[in-house]
Q: 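One structure is given below, represented as structure tokens, and several questions about it will come after.
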Amino acid sequence: MPKVVECITEMRKVVAEARLAGKTIGFVPTMGALHEGHMTLVREAKKVCDVVVVSIFINPTQFGPNEDFDAYPRTWAEDLNACRSAGVDVVFHPHVHEMYPDNWGTWVTVEDVTDKLCGKSRPIHFRGVATVVTKLLNIVQPDKAFFGQKDAQQVVVLKKMVRDLNMPYEIVMVPIVRDVDGLAKSSRNVYLNSEQRQAALVLYKSLCKAQELCRSGEPDSRKIREAVIACIESVSLAKIDYVEIYSFPDLADIDTLDQDALLAVAVKFGTTRLIDNTILKSNHICGG
Ligand code: AMP
């Protein structure tokens with residue numbers, strides 16, 4: 001069984017002991033409801049680090065007032081089991097009050113890359129993410145921290161944050177893990193009924209369409225975007241929040257695909273908002 005740690009002081013002690021023994025630390029922050037996507041991050045961490053710490057913390061500060069903080073799936077027993085099977089060494093599972101005690105009031109705000117995509121639809125989201133990840137990194141002090149391309153903008157934000165604030169942690173991005181039919185694994189997929197889940201397959205289909213256009217040499221990002229929108233709109237249950245293409249990893253506006261670009265989509269199926277993305281490389285087949 002992994003060691004379960006709930007308090008910050010003990011977490012620091014466990015890491016300090018590992019360091020003293022000359023071990024490197026890999027860190028995988030999660031909000032629980034673990035699935036294959038999370039476990040792939042763990043496997044990547046295990047490949048290159050001696051000790052792997054997974055945090056399970058549903059961070060209230062990254063949810064807007066009308067979002068799904070209360071409804072977010074909580075599956076502690078299954079999560080612990082998954083961590084055991086994957087050979088996780090330590091599970092950090094703090095209470096909200098441990099992370100945000102009374103009189104707490106310091107935020108980390110990352111500029112520029114947070115005012116678009118999910119930052120536009122969820123205005124306080126990245127302030128909450130940057131703040132909690134800063135706190136977690138300061139507590140665990142890993143050599144490397146692993147994040148999924150599934151949340152590509154989050155990776156961009158966090159890489160900028162550690163660079164701008166001179167934080168000595170490497171942020172590693174791990175490719176998107178999908179179900180066999182292409183739906184990106186997400187803790188929120190449990191909200192979908194079977195009709196919505198079927199409809200949600202249009203996300204991967206639309207990304208594949210974009211890759212196809214890209215590979216056939218289409219250089220105009222507007223045309224690719226329009227094709228993706230048309231594909232998603234052909235499914236009546238799908239309500240687009242955004243479909244955007246930006247340069248990657250800078251997230252700057254681009255018209256022509258003469259550099260790596262992130263095609264990112266956010267679409268609602270009923271009340272469930274799903275995100276997905278792919279990296280477009282001109283004349284290259286690429287995954288994600
Ligand atoms: P979450 O628990 O949703 O906050 O996700 C924790 C970490 O797992 C984040 O770095 C996510 O990007 C990553 N993740 C979630 N779903 C996937 C997926 N399908 N493939 C790869 N990484 C994922």
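Read the numbers this way: they start at 1 and go in the same order the structure lists the ligands and their atoms. Since the structure is predicted, the reported quantities are computational estimates derived from the model, not experimental observations. Computed over heavy atoms, backbone and side chain alike; hydrogens, waters and symmetry mates excluded.
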Q: Does Arg74 qualify as a cation-pi partner of Phe69, given the criterion of NZ or CZ under 6.0 Å from the six-membered ring centre and within 45 degrees of its axis?
A: yes
Q: Taking any residue with a non-hydrogen atom under 4.0 angstrom from an atom of ligand 1, which ones do you get?
A: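 For ligand 1, the contacting residues are Pro29, Thr30, Met31, His35, Gly37, His38, Leu41, Tyr72, Phe147, Gly148, Lys150, Asp151, Gln154, Pro175, Ile176, Val177, Lys185.
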Q: In terms of relative ring orientation, are Trp104 and Trp107 parallel, tilted or perpendicular, with 30° and 60° separating the classes?
A: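 Because their plane-to-plane angle is over 60°, the rings of Trp104 and Trp107 count as perpendicular.
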Q: When Ile, Leu, Val, Met, Phe, Trp and Tyr are grouped by side-chain heavy atoms lying under 4.5 Å apart, directly or through other members, which residues fall in the same group as Leu20?
A: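 Leu20 shares its hydrophobic cluster with no other residue.
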Q: Cation-pi check for Phe269 against Lys239: NZ or CZ below 6.0 Å from the six-membered ring centre and within 45 degrees of the axis, yes or no?
A: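 Geometry flag: not set, cation outside 6.0 Å or 45°.
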Q: Can you get from Trp76 to Val53 by hopping between Ile, Leu, Val, Met, Phe, Trp and Tyr side chains that sit under 4.5 Å apart?
A: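 Unlinked, Trp76 and Val53 end up in two clusters.
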Q: Distance to the ring centre below 6.0 angstrom and angle to the axis at most 45 degrees; does that hold for Lys135 and Tyr100?
A: yes
